[in-house]
Amino acid sequence: STAMNAFTVDNMPGALAPMGFFDPLGFAEKADEKTLKRYREAEVTHGRVAMLAAVGFLVGEAVEGSSFLFDAQITGPAITHFLQVPDGWDALIVGFIAAAETQR
């Protein structure tokens, strides 16, 4: 019964034909089960953060100049919005990200 439930990279979610398990940089070669599951968790988490960032980028374009945040002084293309945030806010954002990462 334990042989049937043995952990292998080929039966991880996402290992699909015709590619199978995709690891071009070889991170999984020396990793144990716990490490591989942590890698998978980090991959999913960072993918979700990237999706939220893309939505935030589009929302920033849509509400430009009409937001209650920072007295609606942040203007221009969304790519320049982060540079216009007042001093200190970037450290707060990085602090929240670091706190979330350490709790994972």
Side-chain angles (χ1 to χ4, degrees):
S1 144
T2 57
M4 291 179 64
N5 296 332
F7 177 82
T8 64
V9 294
D10 295 324
N11 64 13
M12 285 183 74
L16 303 172
M19 291 295 293
F21 182 70
F22 185 69
D23 184 25
L25 299 178
F27 287 122
E29 289 176 4
K30 298 178 183 175
D32 60 353
E33 179 180 357
K34 183 179 178 183
T35 304
L36 280 175
K37 288 183 177 182
R38 179 157 166 72
Y39 288 165
R40 178 59 58 98
E41 178 186 352
E43 179 181 10
V44 170
T45 301
H46 293 133
R48 290 175 179 163
V49 169
M51 289 186 273
L52 286 173
V55 169
F57 198 87
L58 297 173
V59 168
E61 286 283 341
V63 300
E64 174 190 348
S66 63
S67 174
F68 64 92
L69 296 171
F70 311 116
D71 296 325
Q73 294 178 0
I74 296 178
T75 60
I79 195 75
T80 65
H81 287 184
F82 192 72
L83 298 174
Q84 296 177 46
V85 174
D87 291 337
W89 281 94
D90 52 352
L92 184 67
I93 292 169
V94 170
F96 278 128
I97 293 169
E101 285 290 321
T102 57
Q103 295 300 314
R104 201 164 50 89

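Note that these values count all heavy atoms, side chains included, but never hydrogens, waters or copies made by symmetry.
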For a quick test of reading the model, state the closest non-hydrogen atom pair linking Phe82 to Asp90 and the distance between them.
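For Phe82 versus Asp90, the nearest heavy atoms are CZ-CB, 3.7 Å.
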Should Val55 and Leu58 be marked as a side chain to side chain contact (heavy atoms under 4.5 Å, CB included) after you check the CA-CA gap, both sets of side-chain angles, and the distance that decides it?
CA-CA 5 Å; Val55 169; Leu58 297 173; 5.7 Å; no
Would you please test Arg38 and Glu41 for salt bridge (Lys or Arg N to Asp or Glu O under 4.0 Å) and show each step?
CA-CA 5 Å; Arg38 179 157 166 72; Glu41 178 186 352; 5.0 Å; no
Could you tell me the separation between the NE2 atom of His46 and the CE atom of Met51, rounded to the nearest 0.5 Å?
12.5 Å
Quiz: residues 19-28 side-chain donor-acceptor pairs under 3.5 angstrom, not counting sequence neighbours:
unit_1, atom_1, unit_2, atom_2, d
Asp23, OD1, Gly26, N, 3.4
Asp23, OD1, Phe27, N, 3.2
Asp23, OD2, Phe27, N, 3.0
Asp23, OD2, Ala28, N, 2.8

Could you pull out all donor-acceptor pairs under 3.5 Å where a side-chain atom in residues 92-102 meets a protein atom, sequence neighbours excluded?
unit_1, atom_1, unit_2, atom_2, d
Glu101, OE1, Arg104, NE, 3.4
Glu101, OE1, Arg104, NH2, 3.0
Thr102, OG1, Ala98, O, 3.3
Thr102, OG1, Ala99, O, 2.9

Residues Thr80 and Gln84: side-chain donor-acceptor under 3.5 angstrom:
yes
